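Just so it is clear, the values below take in all heavy atoms, side chains as well, and ignore hydrogens, waters and symmetry mates. Each residue takes its place number in the sequence, starting with 1. Only a predicted model underlies this, so the values are computations on that prediction, with no experimental measurement involved.
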Amino acid sequence: MAGAGTVWLVTGANSGMGLEWVSQVLSLSNTTVVAATRPTDDFEHLSSLQRSFDSRLMIVEMELLDPSTVEETKLVQDAHPQGIDYLINNAGILGSYSDVAQQSIDDFKQVLLVNVVGTFCVTKSVLHLLRLGIKKTIVHISSNAASLTRNHAYIQQEGLTEANLALSYRASKVAINMETSVLANDLKMEGFTVVSLDPGDVSTGMWKYLLQNVYTESSGTQKRQPSLTPQESVAAMLGLTLRLVTQQSGKFFLYDGQDLPW
């Protein structure tokens, strides 16, 4: 069966898309998951999964910017000396999602540190384990908000769109896509596959925040509704991930496999 005998590390695994990744990967035959979550997060749902899947699920505490992440990596290495096959870099924060006038410098710094530097810290800390794995696959959960081509096209539209919002978040996802490109170049001789995936408009906590605080009648911003459940989005991304080949390394895909413009 697809996914047999593979070890997966999923960050931001305690809720939303990350939790769904963990659940669906465990539904495959003979898979093992390392679920990475912040020490302050609620582990209730992960603990429930662990009771069902026992040793197939390992929960580790990882704060993206905390050097102790390296110590947790040692625990992962002890549990999986054969290496890791898939790294799903899902963890990240939204930030203030404000317009330029309201964009704070502190928020900008924090979003870039967590989403960009923090993600790279995780990747670097487990790269030696990915080198030992068979699949050698890194998936960055990005966003269509990272598409410069798409954002530029909004300039020609009448009225305000959301393209003037969330500078910190957009910039962080652009940088994540560059991480994908640089890592794909750096690791190509070792047989790695590194991609960015846009999960689509998914009904998560982030969308709840947007509907309550951004897409309001008073904002004047064109309203959008999420079109996918976490289950639908992750099922599509998981299927795509399992079908990836090294020739696709460095690409930016929509959840359903469509190429996205940079």
Side-chain angles (χ1 to χ4, degrees), residues 9-19 21 34-43 59-76 84 87-130 138-148 151 162-187 194-199 202 204-207 209-210 213-214 252 262:
L9 171 58
V10 180
T11 67
N14 68 298
S15 63
M17 300 287 289
L19 182 64
W21 270 99
V34 179
T37 182
R38 295 188 306 170
T40 56
D41 285 337
D42 182 358
F43 298 178
I59 302 172
V60 296
E61 296 180 357
M62 282 190 184
E63 186 67 57
L64 265 60
L65 297 175
D66 191 331
S68 66
T69 291
V70 178
E71 297 301 318
E72 294 294 330
T73 301
K74 292 178 182 177
L75 298 178
V76 177
I84 293 171
L87 169 60
I88 310 298
N89 273 320
N90 167 76
I93 59 176
L94 178 62
S96 64
Y97 219 90
S98 58
D99 61 17
V100 174
Q102 299 299 317
Q103 174 67 65
S104 77
I105 301 302
D106 287 342
D107 173 78
F108 207 154
K109 289 179 179 178
Q110 183 69 8
V111 173
L112 291 177
L113 277 173
V114 173
N115 291 2
V116 184
V117 180
T119 295
F120 179 68
C121 284
V122 172
T123 300
K124 188 174 182 181
S125 72
V126 299
L127 191 55
H128 65 294
L129 295 176
L130 286 161
I138 301 172
V139 173
H140 287 138
I141 302 303
S142 185
S143 169
N144 57 33
S147 173
L148 298 172
N151 212 66
E162 62 179 296
N164 70 311
L165 304 175
L167 175 59
S168 57
Y169 181 75
R170 292 178 190 279
S172 75
K173 292 304 184 179
V174 171
I176 280 295
N177 284 355
M178 183 56 75
E179 279 190 27
T180 292
S181 182
V182 171
L183 286 167
N185 275 284
D186 190 70
L187 300 170
V194 189
V195 298
S196 287
L197 297 186
D198 168 23
V202 187
T204 60
M206 184 187 84
W207 264 97
Y209 169 84
L210 293 176
N213 299 278
V214 178
F252 182 22
W262 297 105

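Applying the side chain to side chain donor-acceptor pair (under 3.5 Å) test to Ser98 and every residue at least two apart in sequence or in another chain returns Ser96. Checked against side-chain contact (heavy atoms from CB on, under 4.5 Å), Ser168 has the following partners two or more places apart in sequence or in another chain: Gln103, Asp107, Phe108, Val111. In terms of the side chain to side chain donor-acceptor pair (under 3.5 Å) criterion, Ser147 has no residue partners (sequence neighbours excluded). Looking at residues two or more places apart in sequence or on another chain, you find a side chain to side chain donor-acceptor pair (under 3.5 Å) between Ser142 and Asn177. Thr37 pairs by the side-chain contact (heavy atoms from CB on, under 4.5 Å) definition with Asn14, Asp41, Phe43, Leu46, Ile59, not counting sequence neighbours. Shown here are the side-chain contact (heavy atoms from CB on, under 4.5 Å) partners of Leu113, two or more places apart in sequence or in another chain: Leu65, Val117. Asp99 meets the side-chain contact (heavy atoms from CB on, under 4.5 Å) test with Ala101, Gln102, Asn164, Leu165; sequence neighbours excluded. With sequence neighbours left out, Phe120 forms a ring-ring contact (aromatic ring centres under 6.0 Å, His included) with no residue at all.
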Review point. Given Lys173 and Asp198, is the side chain to side chain contact (heavy atoms under 4.5 Å, CB included) satisfied, shown in steps?
Key: CA-CA 10 Å; Lys173 292 304 184 179; Asp198 168 23; over 6 Å; no
Exercise for review: Take Asn89 and Ile176 through the side chain to side chain contact (heavy atoms under 4.5 Å, CB included) test and state the conclusion after the steps.
Suggested key: CA-CA 10 Å; Asn89 273 320; Ile176 280 295; over 6 Å; no
**Study point:** Stepwise side chain to side chain contact (heavy atoms under 4.5 Å, CB included) check, Thr123 with His140
**Key:** CA-CA 10 Å; Thr123 300; His140 287 138; 4.2 Å; yes
Exercise for review: Start with the C-alpha gap between Leu187 and Leu130, add the side-chain angles, then the distance that decides, and say whether side chain to side chain contact (heavy atoms under 4.5 Å, CB included) holds.
Suggested key: CA-CA 11 Å; Leu187 300 170; Leu130 286 161; over 6 Å; no
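Nearest approach of Ser196 to Thr180, heavy atoms of both residues: OG-OG1, 2.7 Å. Among all heavy-atom pairs drawn from Arg170 and Asn151, the shortest one is NH1-OD1, 3.1 Å. Heavy-atom minimum distance, Glu61 versus Glu72: O-CG, 2.9 Å. Thr11 approaches Ala91 most closely through the heavy-atom pair OG1-N, 2.9 Å. Shown here for Val202 and Met17, the closest heavy-atom pair between the two residues is CG1-SD, 3.6 Å.
The CG atom of Leu64 sits 9.0 Å away from the CZ atom of Arg38 when rounded to the nearest 0.5 Å. Put simply, OG on Ser143 and OH on Tyr169 are 4.0 Å apart, with the number rounded to the nearest 0.5 Å.
Here the side chain of Asn90 pairs no donor or acceptor atom with the backbone of Val10 at under 3.5 angstrom.
Contact check for Val76 versus Leu9: no side-chain heavy atoms found under the 4.5 Å cut-off.
Residue pairs meeting the side-chain hydrogen bond (donor to acceptor under 3.5 Å, both in side chains) criterion with at least one partner in residues 109-119, sequence neighbours excluded, are Asn115-Ser172.
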